[in-house]
Structures are given as structure tokens and as C-alpha cells.
Amino acid sequence: MLRFADYRDLKALEELETVCFREHRYRAEFLEWILKNPRTASLVWVESGTIAGSVMILLENGQSRILSVAVHPSRQRNGIGRRLMDAAERVARERGATVARLEVSTQNAPAIALYKGLGYRTEGVLPGYYSWGEDAYSMRKTLEPNS
Ligand SMILES: CC(C)(COP(=O)(O)OP(=O)(O)OC[C@H]1O[C@@H](n2cnc3c(N)ncnc32)[C@H](O)[C@@H]1OP(=O)(O)O)[C@@H](O)C(=O)NCCC(=O)NCCS
């Protein structure tokens with residue numbers, strides 16, 4: 001089941017971030033900022049009462065910036081990531097965004113494959129984008145109006 005996340009999900013989202021991103025995870029303070037910010041939207045995929053995946057976007061100037069997408073390792077490769085990204089796009093369009101943008105580590109083959117499959121195009125490379133030194137691809141997709 002897909003639903004919007006709220007502040008009560010903070011602990012569960014923190015746990016999901018930890019298991020998915022380990023030392024590169026968002027800290028609780030940033031997750032808290034996301035959940036409280038009216039310019040963001042956060043969606044979760046829930047199975048048997050447990051959050052199996054999440055996506056968070058920031059909406060600014062007609063653009064949707066994907067801040068995070070994560071699926072629990074035990075539930076990956078079941079179409080949850082794609083469903084979350086589709087839902088995030090729908091919400092972004094509803095809130096007036098015409099473009100979606102994201103950054104992804106050049107080393108993150110699963111995520112790059114997910115984004116390419118959804119129609120994201122690489123705009124360029126951002127050398128040393130991450131604090132731990134990895135390069136990122138900057139990717140972009142034009143959002144067609146909701147049908
Ligand atoms: C990236 C991530 C969100 C994908 O979620 P998922 O639920 O496993 O993805 P889906 O099952 O919806 O897969 C959709 C498509 O993505 C691609 N994909 C996903 N995982 C892949 C993998 N391990 N290897 C290659 N391609 C992969 C495939 O094209 C797949 O389509 P297919 O299954 O029909 O071949 C998940 O691997 C994850 O949480 N990774 C850790 C966190 C992370 O890196 N997030 C992105 C940060 S930018």
C-alpha cells in the first residue's frame with residue numbers, strides 16, 4: 001500500500017535509511033526537516049504494517065528534486081522502487097512541477113538502471129559531488145501532465 005509519510009514515520013524512515021545507505025544515510029535532523037517542510041512530499045510503500053520503501057521529493061520553482069528513494073534490501077527487485085518513483089512523479093505534477101531532477105552516484109548501477117528505465121536522461125557528471133568523494137550523474141526528466 002502506498003501512502004504519504006508524516007512525522008510519526010520518522011523512526012521507521014531513519015531505520016530504512018540506515019539499512020539502505022549505511023554511513024551515507026540522511027541523519028535524523030534532515031529527515032525531520034523533510035517531513036516538516038511544506039515544499040516536500042514523502043511517500044512510503046507499506047507491507048504488513050512495515051515500511052518497505054520510501055521516496056522524498058522537494059518541490060521548488062516548478063521542479064521536483066528527488067532527495068531520496070530507498071527500498072529495504074529484503075524487498076528490492078519487486079517493482080517497489082519503480083512504483084514509488086511513479087507516485088512521486090504524479091504528486092510532483094499535481095503540485096505544478098514540469099521537470100524532475102536527481103543526482104545519483106556514478107557507482108550506483110541499480111539506481112541508474114531504475115532512473116533510465118523511467119525515462120531520466122543524464123545531463124552531466126558532477127565530480128566529487130558526495131562528501132565521501134564519489135562522482136554523481138545529474139539526471140533529468142520532463143514531466144508530462146497527469147492523464
Ligand atoms: C535503487 C532502488 C531504490 C531500486 O528499488 P527496487 O524496488 O529494487 O527497484 P525495482 O524492483 O522497482 O526495479 C525497477 C528497475 O530498476 C532496475 N534495477 C533495480 N535494481 C537493480 C539491480 N540490482 N541491478 C540492475 N538493475 C536494477 C531494473 O531496470 C528494474 O527493472 P526490472 O526489474 O524490470 O529489470 C534500491 O535498489 C535501493 O533502495 N537501493 C539502495 C538505496 C539507493 O541506492 N537509492 C538510490 C539513491 S540515488
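Counting convention: from 1, in listed order, for ligands and their atoms alike. Numbering of residues begins at 1 and proceeds along the displayed sequence.
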Given 3.5 Å as the limit, does a donor-acceptor pair link the side chain of [X] with the main chain of [Y], or not?
X      : Y      : value
Glu17  : Tyr26  : yes
Asn108 : Ser105 : no
Asn61  : Gln63  : no

Over 12 foreign heavy atoms within 6.0 Å of CZ, Arg22: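 No, CZ of Arg22 has 12 or fewer neighbouring heavy atoms, counting only those of other groups under 6.0 Å.
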Do any nitrogen or oxygen atoms of [X] come within less than 3.5 Å of a nitrogen or oxygen of ligand 1?
X      : result
Val71  : yes
Arg77  : yes
Gly81  : yes
Tyr115 : no

Nearest neighbour in protein (non-hydrogen) for [atom]:
atom                    : result
atom 26 (N) of ligand 1 : Ala113 CB, 3.5 Å
atom 18 (N) of ligand 1 : Pro110 O, 3.7 Å
atom 43 (C) of ligand 1 : Phe21 CE2, 3.5 Å
atom 13 (O) of ligand 1 : Leu114 CD1, 4.4 Å

Element-labelled atoms of ligand 1 that are located less than 4.0 Å from some non-hydrogen atom of [X]:
X      : result
Gly79  : 10 (P), 11 (O), 12 (O)
Ala111 : 1 (C), 46 (C)
Asn108 : 43 (C), 44 (O), 46 (C), 47 (C)
Ala70  : 39 (O)
Arg82  : 12 (O), 14 (C), 15 (C), 30 (C), 31 (O), 32 (P), 34 (O)

Listed partners of Asn37 passing side chain to side chain donor-acceptor pair (under 3.5 Å), at least two apart: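 For Asn37, no residue satisfies side chain to side chain donor-acceptor pair (under 3.5 Å) once neighbours in sequence are set aside.
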Pair Arg93 + Glu144, salt bridge at N-O below 4.0 Å: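 The answer is no: the pair does not qualify as a salt bridge.
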Test: Glu60 and Arg65 ion pair at under 4.0 Å: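 No, this pair does not count.
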Positive for salt bridge (charged side-chain N to carboxylate O under 4.0 Å, His left out) with Glu47, one of Arg83, Arg75, Arg3: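 Single salt bridge (charged side-chain N to carboxylate O under 4.0 Å, His left out) partner of Glu47 among Arg83, Arg75, Arg3: Arg75.
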Closest to atom 46 (C) of ligand 1 (judged by heavy-atom distance), picking from Leu67, Val69, Val55: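 It is Val69 whose heavy atom sits nearest to atom 46 (C) of ligand 1.
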Selected option - heavy-atom contact closest to atom 37 (O) of ligand 1, from Arg22, Arg25, Gln76: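 Selected option, by shortest heavy-atom distance: Gln76.
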Listed partners of Tyr137 passing ring-ring contact (aromatic ring centres under 6.0 Å, His included), at least two apart: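 Partners of Tyr137 under the ring-ring contact (aromatic ring centres under 6.0 Å, His included) test: none.
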Part of Trp45 within contact of ligand 1 (heavy atoms, under 4.0 Å):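 Looking at Trp45 and ligand 1, no heavy atom falls under 4.0 Å.
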Any Lys11 side-chain heavy atom under 4.5 Å of Glu14 side chain: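 Yes. Closest side-chain heavy atoms under 4.5 Å.
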